[in-house]
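Here's the structure we're looking at; comments come further down.
For the numbers below, each heavy atom of this structure counts, side chains included, while hydrogens, waters and symmetry mates do not. We number each residue from 1, following the sequence as shown.
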Amino acid sequence: MATISTFFRLLLLISIVPALVPQDSIFDVELVHRDSPKSPLYNSSMTPFDRLQAAVVRSVNRASYLNERITMKASIDIQLNLLYMDAEFMMRFSIGTPNLQYVWGIVDTGSDLSWVNCVDCQCFNKTAALFNQSASLSYKKLSCISNECRSFSRGRCTDDQLCKYHYGYIDGSNINGIFSSETFSFTSLDTKQTTFIPNMLFGCNFWSLNTKVNDPGSVIGLSPRPLSLIHQLAPKYISKYFSYCLDEGVGSRLFLGRDKKMVTGKTTVTPLMTQDGYYVVQLNAILIPDEFNILITRKSKFRAGNIIFDSGTVMTLLDTQVVDQLVSALTNYVSLPTVEMSHYKLCFTVLSTEQEEMLPGMWFSFDGTLGNFMVSPENLFRWSGRHVKCMMIVGTVGIQIFGNIMQQDVLVGHDLDKMELTIIEKKCSELYKLK
């Protein structure tokens, strides 16, 4: 009877796995903000002001990690992810066949290897969903003599000839696991159709130690490096292109592949460069036409470009001298009283809708003939206290980062063939109408 059951399970596996994605497809996945009630990290006791304050702290912490990583040239020896409590946007996906096992993963444009915590993992987080690899017919441990392991810089041999990896983090966290392959599946937010992708390379964690608290138990890497999700999907299933629209509400989505219907609207295009697994662009100036024009002149630590475009950092971090000039220029431009708030460089007292409308947006001028992007007042200033709105830009003496608050409610595309970054003025809610 067990033999018959196994036979039918194999038939089911065969019927599922060949249902591959047609070439040049696009599929979308819902993204969930960490502070959404749908998030496994949601803390109902926090107020909106508490959440923004925590986001500022996470931004500064993440920026210090990125700065140390790039300064130390540690991209090979030290891998940096969002480090758990610093997650901002997550996605729910499934792995395994024939029964789909759902897990939450941090989406990080700065990580390469995607990994999950597996059953029997000696993990610090006992509440996250674990992947039961023994219950999946499509799960495969990779040997250390496999081509996949040989091309994986982290791959090392275990006593039983399996491909083992180890990641050490700057804050003392560690993960260990077996380099593996499995069928991943993603469910469209619109059509509810599930797409199956066989033989995806990922890490199956069997041990982890973290110095912080809660994480959802897995990471989806979208960096420009070969093991990332976008590199594994392209060019076999999709074009080497991904985009996202971020919204702290319920409209956030990740698009894998390109759809011509999505590229309509006012568009900013700027050359995209990569360094140490991050996406870098060149920011030349910040301005309000006929009011001020602040040039970005500081020498960058990057080989090319001067600012990381990062989905995992909330705030935008600019050179302290640039921020000081911005504070001076905006204080003169906005006829509202200022107020001091911890962690913020510039805050205004706002007592009415009419006063709120006095807060401006600003142009960010990037390289390229279509390199000017208008950051809306809503993304430049946020409520940080009762009757107080603060600028979502803070100073740094390290690397500069264009954070996700100033990327919200626009479609941000990464074209890894043309090496271009595009910003399309299209609200996340409008994207539902395109499918």
Side-chain angles (χ1 to χ4, degrees), residues 28-63 65-66 81-93 102-111 124-125 127-129 189 210 212-220 222 244-254 309-317 341-344 347 375-394 401-412 427-429 431-432:
D28 64 292
V29 184
E30 180 181 20
L31 295 180
V32 174
H33 191 268
R34 61 165 292 126
D35 291 329
S36 164
K38 299 173 72 172
S39 163
L41 302 183
Y42 177 68
N43 183 346
S44 60
S45 66
M46 296 180 72
T47 68
F49 303 141
D50 293 335
R51 295 186 179 108
L52 186 57
Q53 187 88 338
V56 176
V57 174
R58 290 195 302 271
S59 295
V60 173
N61 288 342
R62 178 166 168 83
Y65 285 140
L66 301 187
N81 289 309
L82 291 184
L83 285 185
Y84 315 122
M85 69 180 290
D86 293 342
E88 295 301 329
F89 287 90
M90 288 163 281
M91 58 183 276
R92 188 171 181 256
F93 64 101
Y102 290 90
V103 293
W104 284 95
I106 297 167
V107 176
D108 186 14
T109 52
S111 295
F124 53 87
N125 185 358
T127 62
L189 184 62
N210 187 25
K212 296 185 178 180
V213 295
N214 260 344
D215 79 291
S218 65
V219 164
I220 291 291
L222 283 174
Y244 53 74
C245 198
L246 305 179
D247 185 336
E248 291 182 0
V250 295
S252 300
R253 285 201 287 181
L254 168 69
F309 231 82
D310 186 38
S311 67
T313 306
V314 178
M315 306 290 286
T316 290
L317 290 96
M341 296 277 288
S342 59
H343 301 298
Y344 301 101
C347 298
V375 174
S376 69
E378 295 76 20
N379 287 349
L380 186 59
F381 297 94
R382 290 291 174 94
W383 292 109
S384 307
R386 194 167 184 265
H387 302 310
V388 175
K389 269 200 159 184
C390 295
M391 182 175 69
M392 295 293 100
I393 301 174
V394 294
I401 301 173
F402 199 91
N404 67 43
I405 281 184
M406 296 202 332
Q407 299 178 52
Q408 287 184 15
D409 224 10
V410 293
L411 186 65
V412 181
K427 291 186 176 296
C428 298
S429 58
L431 296 172
Y432 287 93

(message) Under a 3.5 Å distance rule, please check whether Gln407 uses its side chain to pair with a backbone N or O of Phe402 as donor and acceptor.
(response) yes
(message) Given 3.5 Å as the limit, does a donor-acceptor pair link the side chain of Arg58 with the main chain of Gly312, or not?
(response) no
(request) Give, for atom CE of Met91 and atom CZ of Arg253, the distance between the pair rounded to the nearest 0.5 Å. (result) 13.5 Å
(message) If the condition is side-chain hydrogen bond (donor to acceptor under 3.5 Å, both in side chains), which residues does Asp35 pass it with, not counting sequence neighbours?
(response) none
(request) Would you indicate whether the side-chain heavy atoms of Ser252 and His33 approach each other to under 4.5 Å? (result) no
(message) Holding to salt bridge (charged side-chain N to carboxylate O under 4.0 Å, His left out), I want the full list of residues that pass it with Arg92, two or more places apart in sequence or in another chain.
(response) none
(message) Can you give me the closest heavy-atom contact between Thr316 and Met406, atom names plus distance?
(response) OG1-CE, 3.2 Å
(request) Find out whether Phe89 and Asn404 are in side-chain contact, i.e. whether some heavy atom of one side chain is under 4.5 Å from a heavy atom of the other. (result) yes
(message) To the closest 0.5 Å, what do you measure between NZ (Lys38) and CD (Glu30)?
(response) 3.5 Å
(message) Are Gln53 and Ser342 packed together at the side-chain level, in the sense that at least one heavy-atom pair is separated by less than 4.5 angstrom?
(response) yes
(message) For Ser59, is there any backbone N or O sitting under 3.5 Å from a side-chain donor or acceptor partner on Thr313?
(response) no
(message) Given 3.5 Å as the limit, does a donor-acceptor pair link the side chain of Thr109 with the main chain of Leu222, or not?
(response) no
(message) Tell me the closest heavy-atom pair linking Met341 and Cys390, and the distance in Å.
(response) CG-SG, 4.0 Å
(request) Carefully, step by step, assess Met90 and Leu41 under the rule side-chain contact (heavy atoms from CB on, under 4.5 Å). (result) CA-CA 10 Å; Met90 288 163 281; Leu41 302 183; 4.0 Å; yes
(message) Any non-hydrogen side-chain atom of Leu31 less than 4.5 Å from a side-chain atom of Asp247?
(response) no
(request) Taking the side chain as every heavy atom from C-beta outward, state whether Tyr244 and Val107 have any pair of such atoms under 4.5 Å apart. (result) no
(message) Do Leu52 and Tyr344 have side chains that approach each other closer than 4.5 Å (heavy atoms only, starting at C-beta)?
(response) yes
(request) Nearest 0.5 Å please: distance from the CG atom of Asn43 over to the CZ atom of Arg34. (result) 8.5 Å
(message) Do Glu88 and Leu246 make a side-chain contact, defined as non-hydrogen atoms from C-beta onward lying under 4.5 Å apart?
(response) no
(request) Without swapping roles, check the side chain of Ser384 against the backbone of Arg382 for a donor-acceptor pair under 3.5 Å. (result) yes
(request) Measure the shortest side-chain to side-chain distance between Val29 and Phe93 over non-hydrogen atoms and say whether it is less than 4.5 angstrom. (result) no
(request) Check the pair Val394 / His343 against side-chain contact (heavy atoms from CB on, under 4.5 Å), numbers first and verdict last. (result) CA-CA 8 Å; Val394 294; His343 301 298; over 6 Å; no
